[in-house]
Engineer: 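Before I ask anything, here is the structure I am working with.
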Amino acid sequence: MLHARRVHTITDRFSMANTYLIDEERMVVVDPGTELNVQQLQFYLQHFLHRPLQQIDLIVLTHLHPDHTSGVEMLRRICGAPVAASAVARNLILQQHGELHSSSIAHLAEHILAGPLQHVDLFPPVYERQYKLVDIWLEDVAGLPGHPEWRVISSPGHTPDSLCLYNPFTQELLCGDTVITIQGGAPLLRGSANRRQLNETLRVLRSLQVHYLYPGHGRPILALHPLTNIDVEW
């Protein structure tokens with residue numbers, strides 16, 4: 001039985017940077033990219049859903065780029081919710097000699113900011129600061145804490161630590177920058193130098209039954225098979 005969709009989109013009129021709200025008994029915010037996004041979220045909850053921000057119990061980051069995380073501190077001050085991100089990010093950073101040296105962060109950034117579409121990420125990465133925001137580290141295929149119908153899907157490609165959130169009951173996929181639609185036409189799977197890894201991400205995403213696709217940039221897509229004709233950025 002297909003359940004009613006849960007996800008609300010909080011964005012500007014051009015869908016340049018999307019924040020998403022999972023509307024359940026307790027709410028989840030995905031990628032509070034800017035303080036403006038947080039203000040829009042406050043307005044939306046107050047005037048459309050008539051719910052207080054204190055009913056948010058989790059903030060999820062699909063990856064650690066600042067255009068997806070810059071509103072986190074403001075939102076956390078308001079609602080007090082913990083912040084979750086992929087355990088891959090923690091492991092990558094700790095591998096850099098076990099410390100967050102600036103040289104290590106720069107080395108990590110070389111791997112994360114790859115490909116001709118890196119200009120979409122509007123600010124330089126500051127991984128030490130983003131790392132310190134995270135309270136909960138999410139493992140691949142695990143259920144989202146407090147929201148077991150949502151599964152964590154590791155989706156390396158745009159960054160090694162990218163993740164998606166998938167609900168098989170509502171057939172919704174929140175995909176961060178793993179897939180974007182900002183260029184128009186078919187959805188674009190954002191790649192890196194590791195083609196084997198990217199092909200595996202594509203295989204995993206295509207194996208999911210998805211009717212609602214929510215990208216980090218660009219307009220959401222409603223379709224029977226939104227990932228069938230996906231373009232791939234190598």
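Numbering starts at 1 and runs along the sequence shown.
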Engineer: Do Cys175 and Leu213 have side-chain heavy atoms sitting under 4.5 Å apart?
Structural biologist: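 Answer yes - side chains close enough.
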Engineer: Can you find a pair of side-chain heavy atoms, one from Pro82 and one from Leu58, that are under 4.5 Å apart?
Structural biologist: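 The answer is yes; the side chains approach within 4.5 Å.
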Engineer: Taking the side chain as everything from C-beta on, heavy atoms only, tell me whether Leu138 gets closer than 4.5 Å to Pro145.
Structural biologist: yes
Engineer: Is the closest basic N to carboxylate O distance between Arg90 and Glu139 below 4.0 Å?
Structural biologist: yes
Engineer: Is any side-chain heavy atom of Ile22 closer than 4.5 Å to one of Trp150?
Structural biologist: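 Yes; the side chains approach each other to less than 4.5 Å.
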Engineer: Please assess Leu61 against Gln130 for the test side-chain contact (heavy atoms from CB on, under 4.5 Å), listing each intermediate value before the final yes or no.
Structural biologist: CA-CA 10 Å; Leu61 308 178; Gln130 315 308 331; 6.0 Å; no
Engineer: Of Val179, Leu165, Leu227, which is the lone residue that meets side-chain contact (heavy atoms from CB on, under 4.5 Å) with Leu173?
Structural biologist: Leu227
Engineer: If I take atom CG from residue Leu163 and atom CD1 from residue Ile153, how far apart are they, to the nearest 0.5 angstrom?
Structural biologist: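 Output value for this atom pair is 9.5 Å.
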Engineer: For a quick test of reading the model, state the closest non-hydrogen atom pair linking Pro226 to Ile221 and the distance between them.
Structural biologist: CB-CG2, 3.9 Å
Engineer: Charged N to carboxylate O under 4.0 angstrom, Glu24 versus Arg6?
Structural biologist: yes
Engineer: May I ask you to say whether Arg203 pairs ionically with Glu200, meaning some side-chain N is under 4.0 Å from a carboxylate O?
Structural biologist: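 Yes, this pair counts.
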Engineer: I'd like to know if the side chain of Ser155 reaches the main chain of Thr201, judged simply by a donor and an acceptor atom lying under 3.5 Å from each other, with no hydrogens or angles considered.
Structural biologist: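 No; judged by distance alone, with no hydrogens or angles, the pair does not exist.
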Engineer: Taking atom types as modelled, find out whether Asp31 and Thr62 have a side-chain donor-acceptor pair closer than 3.5 angstrom.
Structural biologist: yes
Engineer: Measure the shortest side-chain to side-chain distance between Val29 and Ile10 over non-hydrogen atoms and say whether it is less than 4.5 angstrom.
Structural biologist: no
Engineer: With distance as the sole test, does Glu149 use its side chain to make a donor-acceptor pair with the main-chain N or O of Phe169 at under 3.5 Å?
Structural biologist: no
Engineer: Testing the 3.5 Å rule here: is there a donor-acceptor pair between the side chains of His65 and Asp177?
Structural biologist: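 Absent: no donor and acceptor within the cut-off.
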Engineer: I need the Met16 CE to Thr34 OG1 distance, nearest 0.5 Å.
Structural biologist: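 Going from the CE atom of Met16 to the OG1 atom of Thr34 covers 12.0 Å.
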Engineer: What I'd like to find out is whether the side chain of Pro32 reaches to under 4.5 Å of the side chain of Leu41, using heavy atoms alone.
Structural biologist: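 A side-chain contact under 4.5 Å is absent here.
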Engineer: CD of Glu25 to CG of Asp57: how many Å apart, nearest 0.5 Å?
Structural biologist: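 Interatomic distance, Glu25 CD to Asp57 CG, rounded to 0.5 Å: 9.5 Å.
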Engineer: Which heavy atom in Ala85 sits nearest to a heavy atom in Leu64, and how many Å separate them?
Structural biologist: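 Minimum heavy-atom separation between Ala85 and Leu64: CB-CD2, 4.1 Å.
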Engineer: Can you classify the ring geometry of His217 versus His68 as parallel (below 30°), tilted (30 to 60°) or perpendicular (above 60°)?
Structural biologist: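 Perpendicular, since the angle between the ring planes exceeds 60°.
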Engineer: What is the distance from atom CE of Met74 to atom CD of Gln39, rounded to the nearest 0.5 Å?
Structural biologist: 4.5 Å
Engineer: Answer with yes or no whether the hydrophobic clustering places Val30 together with Leu222; edges join I, L, V, M, F, W, Y residues whose side-chain heavy atoms lie under 4.5 Å apart.
Structural biologist: yes
Engineer: Of all heavy-atom pairs between Gln55 and Arg51, which one has the smallest distance, and what is that distance?
Structural biologist: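 The answer is OE1-NE, 2.7 Å.
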Engineer: Indicate yes or no for a side-chain donor-acceptor contact from Asp140 to the backbone of Ser154 under 3.5 Å, with no hydrogens or angles considered.
Structural biologist: yes
Engineer: Which pair of non-hydrogen atoms, one from Thr9 and one from Tyr214, has the smallest distance, and what is that distance?
Structural biologist: OG1-CD2, 4.3 Å
Engineer: Ignoring hydrogens, what is the shortest heavy-atom contact between Tyr166 and Gln171? Give both atom names and the distance.
Structural biologist: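 Looks like CE1-CA, 4.4 Å.
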Engineer: How far does CG of Asp161 sit from NE2 of His63, to the nearest 0.5 angstrom?
Structural biologist: 7.5 Å
Engineer: Please tell me if the side chains of Leu189 and Thr178 come closer than 4.5 Å, counting only heavy atoms from C-beta onward.
Structural biologist: yes
Engineer: Considering only heavy atoms from C-beta outward, does the side chain of His225 approach that of Gln209 to under 4.5 Å?
Structural biologist: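 Result yes, sub-4.5 Å side-chain heavy-atom pair found.
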Engineer: Starting from the C-alpha separation in whole Å, work towards a yes-or-no answer on side-chain contact (heavy atoms from CB on, under 4.5 Å) for Ile230 and Leu205.
Structural biologist: CA-CA 11 Å; Ile230 193 167; Leu205 295 185; 5.8 Å; no
Engineer: Within the distance-only criterion (no hydrogens, no angle test), does the side chain of Tyr20 pair as donor or acceptor with the backbone N or O of Gly216 below 3.5 angstrom?
Structural biologist: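 Not confirmed, Tyr20 side chain does not pair with Gly216 backbone.
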Engineer: Measure up the Trp137 and Tyr131 rings against each other and bin them: parallel (under 30°), tilted (30 to 60°), perpendicular (over 60°).
Structural biologist: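 If you compare the ring of Trp137 with that of Tyr131, the planes turn out tilted.
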Engineer: If we ignore angles and hydrogens, is there a donor and acceptor under 3.5 Å between the side chains of Asn167 and His147?
Structural biologist: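 Per modelled atom types, Asn167 and His147 side chains form no pair under 3.5 Å.
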Engineer: Do Asp67 side-chain atoms and Gly33 backbone N/O form a donor-acceptor pair below 3.5 Å?
Structural biologist: no
Engineer: Do you know the tightest heavy-atom contact between Ser70 and Glu35?
Structural biologist: O-CG, 4.3 Å
Engineer: To the closest 0.5 Å, what do you measure between CD1 (Ile59) and CZ (Arg76)?
Structural biologist: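 Rounded to the nearest 0.5 Å, the CD1-CZ separation comes to 7.0 Å.
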Engineer: Just by distance, do the side chain of Arg151 and the backbone of Val141 share a donor-acceptor pair under 3.5 Å?
Structural biologist: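 Indeed, once roles are kept as given, a pair shorter than 3.5 Å links the two residues.
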